[in-house]
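Before any comments, here is the structure.
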Amino acid sequence: TTLQFTIGTIPGLGRGITHELTHRFDGGMYGGLPGWLVEGRAVWTASAYGSIYDREFVEMHANPGTMTSTRNMGYGRAAKLEEIIGGEQEEYRDNYTVGYALFVYLDTWSGVEQEEPRIYHDRLQQYMLKRNRNRGGAVNSFVKHFADGKDGRPEGMEEFAADFDQWLAGWYWRDRAEWTKRY
C-alpha cells in the first residue's frame with residue numbers, strides 16, 4: 001500500500017494510514033465487499049478517533065456534513081441508492097461520501113426513540129462475512145439483508161430509501177434532529 005503524503009498534518013497522515021489499513025484488513029477478513037462499503041467503512045474508521053492519542057474509536061461517530069452531502073447528492077432516493085449499491089453510479093468517489101453515510105446508518109441506527117437494539121447492525125456483520133453476498137444481484141442481496149421487513153427493518157428498497165432519507169434529513173444543521181445527540 002502506498003500513501004502519498006506531501007504537505008499535511010500528523011493526524012492527517014494517521015487518518016490516511018488508518019483508511020488504507022482498513023482496506024487491507026477488510027480485504028483479508030471479508031473479501032469482495034462492494035465499493036460503497038469498502039470506502040465508506042474506511043472513511044468511518046479513519047475519522048472515528050478524536051486525536052492521535054486515542055487508543056479506541058468513537059463508536060457512535062458521525063459527520064453531519066457528510067450526511068447532508070449524501071442527501072444533497074440525491075442518495076435518499078431508491079433509484080440513486082440502487083445505482084451505488086449495484087456499483088453503477090457515475091462517479092466512483094461517491095462511494096466515499098455515500099458509503100460512509102450508509103455504513104454509519106447500517107452500523108448504528110436504532111430508531112428515533114430506541115437506544116438498542118440496532119436495527120441493521122447484526123445484518124451488516126452477516127452481510128460482510130458472506131462471500132456470496134451478491135448472489136442474485138447486488139441490489140437484491142442488499143434488500144434481502146437490510147429491507148426484508150423483519151425485526152423492525154423496512155420492506156423493500158423504496159421503504160428503505162425513505163427511512164434512510166429521513167435519517168439523512170435529521171442531520172441538517174438548521175433543523176438537527178434530537179436523536180443526532182447520540183453521535
Side-chain angles (χ1 to χ4, degrees), residues 19 22-48 59-64 66-112 114 116-171 179 183:
H19 179 104
T22 299
H23 290 321
R24 300 287 293 206
F25 175 81
D26 286 352
M29 280 294 293
Y30 305 114
L33 293 175
W36 65 267
L37 185 50
V38 167
E39 297 302 349
R41 185 168 144 86
V43 170
W44 177 83
T45 305
S47 61
E59 186 176 357
M60 294 296 285
H61 180 273
N63 182 327
T66 303
M67 305 317 174
T68 300
S69 293
T70 297
R71 188 166 195 243
N72 290 344
M73 293 162 63
Y75 283 101
R77 295 189 330 265
K80 287 292 281 183
L81 273 178
E82 288 178 2
E83 284 178 12
I84 201 157
I85 290 164
E88 298 172 359
Q89 76 279 12
E90 276 186 45
E91 180 60 61
Y92 179 84
R93 290 176 290 193
D94 287 1
N95 284 317
Y96 296 92
T97 305
V98 181
Y100 173 87
L102 265 174
F103 176 77
V104 172
Y105 181 66
L106 294 172
D107 192 48
T108 66
W109 184 237
S110 58
V112 173
Q114 301 173 23
E116 290 293 331
R118 295 179 186 174
I119 297 169
Y120 305 102
H121 177 78
D122 292 345
R123 298 292 288 180
L124 177 61
Q125 302 311 309
Q126 293 168 9
Y127 180 81
M128 290 170 62
L129 286 168
K130 282 190 174 182
R131 296 291 179 171
N132 64 346
R133 73 183 66 80
N134 288 333
R135 193 150 119 215
V139 174
N140 287 336
S141 179
F142 184 93
V143 168
K144 179 180 169 186
H145 280 86
F146 306 114
D148 61 354
K150 298 176 184 172
D151 300 322
R153 293 183 296 273
E155 187 166 349
M157 185 56 86
E158 290 290 334
E159 194 175 319
F160 178 90
D163 289 354
F164 183 58
D165 187 58
Q166 186 176 8
W167 183 79
L168 292 170
W171 293 98
W179 54 259
Y183 294 85

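Here the structure is a predicted model, which means the values were calculated and not measured.
- In this structure, T66 contributes its side chain and A62 its backbone to no donor-acceptor pair below 3.5 Å.
- Screening L37, V38, L33 for a side-chain contact (heavy atoms from CB on, under 4.5 Å) with D26, the sole residue that qualifies is L33.
- We find the CG-CE distance between L168 and M73 to be 11.0 Å, quoted to the nearest 0.5 Å.
- Residues V139 and M157 meet the side-chain proximity criterion, which asks for heavy atoms closer than 4.5 Å.
- Residue pairs meeting the salt bridge (Lys or Arg N to Asp or Glu O under 4.0 Å) criterion with at least one partner in residues 156-169, sequence neighbours excluded, are R71-D165.
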Verdict with reasoning, K80 to E91, per salt bridge (Lys or Arg N to Asp or Glu O under 4.0 Å)
CA-CA 12 Å; K80 287 292 281 183; E91 180 60 61; over 6 Å; no
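- Residues G86 and A138 share a closest heavy-atom pair of CA-CB, 4.0 Å.
- E83 and Y75 share no donor-acceptor pair across their side chains, judged by distance under 3.5 Å alone.
- Relative orientation of the W167 and W171 rings is perpendicular, given thresholds of 30° and 60° on the angle between their planes.
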Checking H145 against K130 for the side-chain contact (heavy atoms from CB on, under 4.5 Å) test, could you report, in this order, the C-alpha distance in whole Å, the side-chain angles of both residues, the deciding distance, and whether it holds?
CA-CA 11 Å; H145 280 86; K130 282 190 174 182; 3.7 Å; yes
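- Checked for salt-bridge contact, D148 and R123 meet the test: a charged N lies under 4.0 Å from a carboxylate O.
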Quick one: side chains of residues 96-103, donor-acceptor pairs under 3.5 Å with protein atoms, not counting sequence neighbours, listed by atom name and distance.
| residue | atom | partner | partner atom | Å |
| --- | --- | --- | --- | --- |
| Y100 | OH | H61 | ND1 | 3.1 |
| Y100 | OH | N63 | N | 2.9 |

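- Separating the CE atom in M29 from the CG atom in L129 is a distance of 6.5 Å, to the nearest 0.5 Å.
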Might you work through the side-chain contact (heavy atoms from CB on, under 4.5 Å) test for E88 and E82, ending with a clear yes or no?
CA-CA 8 Å; E88 298 172 359; E82 288 178 2; over 6 Å; no
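- Nearest heavy-atom pair, P117 versus S110, reported as atom, atom and distance to 0.1 Å: O-CB, 3.4 Å.
- Residues passing the side chain to side chain contact (heavy atoms under 4.5 Å, CB included) test with Q166, sequence neighbours excluded: none.
- Annotation: side chain of E39 is not in contact with side chain of R93 (no heavy-atom distance under 4.5 Å).
- A ring-ring contact (aromatic ring centres under 6.0 Å, His included) with Y120 holds for exactly one of F164, F142, F160, W109; it is F160.
- For the atom pair F25 CZ and T45 OG1, the distance stands at 9.5 Å (nearest 0.5 Å).
- Between Q89 and D94, the closest heavy-atom pair is CG-CB, 4.3 Å.
- Between F146 and L106 the shortest heavy-atom distance is CD2-CD2, 3.8 Å.
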Run the numbers on R41 and D107 for salt bridge (Lys or Arg N to Asp or Glu O under 4.0 Å), then give the verdict.
CA-CA 10 Å; R41 185 168 144 86; D107 192 48; over 6 Å; no
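- The shortest side-chain heavy-atom distance between D151 and I119 does not fall under the 4.5 Å cut-off.
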